[in-house]
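Structure record follows, encoded as structure tokens.
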Amino acid sequence: MLSQMEERLTSLSLEQKIGQLLVGQAEGTALSESFRRFIERVPLAGYRINGPNIEHPAQVKKLTSDIQQAYTASGLDLPVIFACDQEGGVLSVFGDCVTEFPGSMALGATGSVELTELQAQQVGWELAEMGINHLLAPVADLNLEKTNPVIGVRAFGDDPAQVASHCFHFSLGANRGGVAVCAKHFPGHGNTVTDTHVGLAVNHAAEEVLRQTEYVPFKKLVDGGIDSVMVSHVVCSACSSLPASLSEEVISGLLRQEMGYDGLVISDDLAMGAVRNLYSAGEAVLRFILAGGDIAFIHDSRDSVEEAFYRLMQAVEQGELTEERINTSLKRILRFKQKIAAYQQSRKLPPISGEELARQIAEHSITLVRDPRRLLPLSPDMKLLVISPRLSNLSEADTSSQQELKLAAYVKQAFPHTVCVELAPDEAEQALAELRLQAAKADVILQGTVNAYRFPEQIAVMKELAKMRPLIAIMLRDPYDSELIPHDVTTLATYAATKQQLATLVRQLLGEVACMGGVPVRLARP
């Protein structure tokens, strides 16, 4: 007698099977007739939902529901994967449609896996309400390179055991909230100096170092039965000369055989520069599948998805790819789709509100790195000059530009004698003359910094202004800025510029709330 899984496999046509090996990018904010016809012609496993698809929760819910109904109407009655990158902090594709949380490194700074689990449950609940069922998180990378252009505060920290624990509890919480999760970016993207959205990143660490560091969180998640693993486009020279996403040694060897993972393996976006600079969409997808992957993500265009679909069909016809190999992945995909349906049905409402949780995370994460001149707390009648950096996207995995940085607004509420100057991080030096004039009228200067290793102009200005007045540096993103900030400058880390982080920061400047966070990465000079 055939099992239910085997019966489902035998009921699928070759075209339907191959479609299940691909996830594309959803189109628009509503299901158009053109998109409906595409779904019928190329029945993919699912779609990523991101910025251009999002207006408000009810609209997203209708979009996902309509897409699912289109699949059912076409005769393919399988759950559709709706994936998203709602990490929090600098990568928050749903904006104000969901509770605003500060992201992974802030959670790492709390030292509380309980807060991590609660945040993930809240995120999972809110996403599941909109029909989203696959959260592309947690980020299991260790941020070991301070100049890393794409990970940074997206990681929980750099300690293998601590990152592994936060990732594990994040997964538990998100599942309880109603969504499947994904450990990324295997085998690690945190020790690189290149963004794989743009070009090829190489990790030169020795194999024994990788086993003691970057593999640790992934192994814990694999042992815990993580729903899916995303393979990066990073070349780990100790493992393979190819990007991990195209490497049989990495996927079939390291992840499947050595670590023992038989769950769903997805690719990072195969439209990213690291791969697309080498191969067409069709060739990249075929190589990923042959290397041992299950679902290839392609997020640039419908044309690329169709090219990949027909290249896989051709590969079967020409004997490059067997139906038996496809069925191996289909079994994992069907098991995963059973999981996402089960999570949706069993989800549990978080025990506290999202806003209250965000406040608790802020209080436990914001870190007083140093206060050598005992400037804190400040008096509300002080005259402050606030230098606020203008937020921008520092990589394609960044939604910071969608945020309105409210540092000055929150400071003004508590300190009425406040003057604010807003500058892009690389504009600071041009404005130095004006900043000197304003600094001369202030009692204290508050200067926000964003990734000073990439924008050192901020530090050059800080050094000049610190000669004039007491200065407090607010690291609004990576805490590595502390290594460049003059050692006699009071320095705090918020890890994000979310509303609750900034509101809590102001209360901490006033001395109303203690700073309880601890920097979760090693600093050369705290």
Side-chain angles (χ1 to χ4, degrees), residues 23 25-26 45-51 53-54 57-65 67-68 71 78-89 91-95 97-101 103-104 107 113 115-140 154 156 166-185 221 224-230 263-266 268 294-295 297 299 332-352 354 357-358 399:
V23 163
Q25 172 62 48
Y47 289 91
R48 182 182 70 159
I49 305 294
N50 73 345
N53 311 121
I54 300 166
Q59 167 267 321
V60 176
K61 175 62 177 174
K62 183 170 181 0
L63 175 63
T64 57
S65 178
I67 292 173
Q68 180 67 66
Y71 272 75
L78 285 174
V80 178
I81 295 171
F82 294 108
C84 75
D85 291 292
Q86 183 60 31
E87 296 173 11
L91 186 52
S92 300
V93 297
F94 277 86
C97 289
V98 295
T99 303
E100 187 183 48
F101 288 116
S104 298
L107 289 168
V113 294
L115 288 174
T116 293
E117 191 168 324
L118 284 170
Q119 176 179 313
Q121 184 178 355
Q122 181 71 33
V123 171
W125 177 270
E126 293 178 355
L127 293 176
E129 284 284 284
M130 294 182 280
I132 305 299
N133 51 32
H134 192 195
L135 173 57
L136 302 178
V139 174
R154 296 171 64 200
F156 288 99
H166 280 283
C167 286
F168 180 75
H169 283 272
F170 184 99
S171 302
L172 293 178
N175 289 163
R176 191 180 302 118
V179 297
V181 293
C182 175
K184 63 185 188 185
H185 307 79
L221 293 169
I226 188 80
D227 301 314
S228 62
V229 174
M230 177 187 288
L264 186 74
V265 173
I266 69 174
D268 206 345
D294 298 312
I295 297 182
F297 277 52
H299 298 152
R332 298 189 190 108
I333 293 165
L334 292 176
R335 284 200 301 267
F336 178 80
K337 292 197 168 192
Q338 289 172 343
K339 270 189 170 186
I340 60 178
Y343 289 142
Q344 179 74 34
Q345 292 169 1
S346 64
R347 65 197 183 106
K348 292 182 172 58
L349 183 68
I352 60 175
L357 178 58
T399 57

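One-based numbering along the sequence shown. What you see is a predicted model; the values in this text were computed from it and never measured.
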Subject >> Closest contact, heavy atoms only, N53 versus Q25 >> reply: OD1-NE2, 2.8 Å
Subject >> Q86 side-chain N/O to F94 backbone N/O, donor-acceptor pair under 3.5 Å >> reply: yes
**OP:** Identify the heavy atoms of Q122 and T99 that sit nearest to each other, and give their distance.
**Re:** NE2-OG1, 3.9 Å
Original post:
Parallel under 30°, tilted from 30 to 60°, perpendicular over 60°: which one fits the rings of F170 and F156?
Top reply: perpendicular
**OP:** Can you measure from CG (L78) to CG (L334) and round to the nearest 0.5 angstrom?
**Re:** 6.0 Å
Subject >> Minimum-distance pair of heavy atoms, taken over all atoms of G131 and T64 >> reply: CA-OG1, 3.6 Å
**OP:** Specify the closest pair of heavy atoms between M230 and K184, including all atoms of both residues, with the distance to one decimal.
**Re:** CB-CB, 3.7 Å
**OP:** Would you name the heavy atoms of D294 and I333 that are closest together and state the gap between them?
**Re:** O-CD1, 3.9 Å
Subject >> Minimal non-hydrogen separation, V181 against D227, with atom names >> reply: N-OD2, 2.9 Å
**OP:** Decide yes or no on side-chain hydrogen bond (donor to acceptor under 3.5 Å, both in side chains) for T116 and H166, but give the supporting numbers first.
**Re:** CA-CA 6 Å; T116 293; H166 280 283; 2.8 Å; yes
**OP:** Under the ring-ring contact (aromatic ring centres under 6.0 Å, His included) rule, collect the residues that match up with H299, sequence neighbours excluded.
**Re:** F297
Subject >> G173 backbone acceptor or donor facing E117 side chain under 3.5 Å >> reply: no
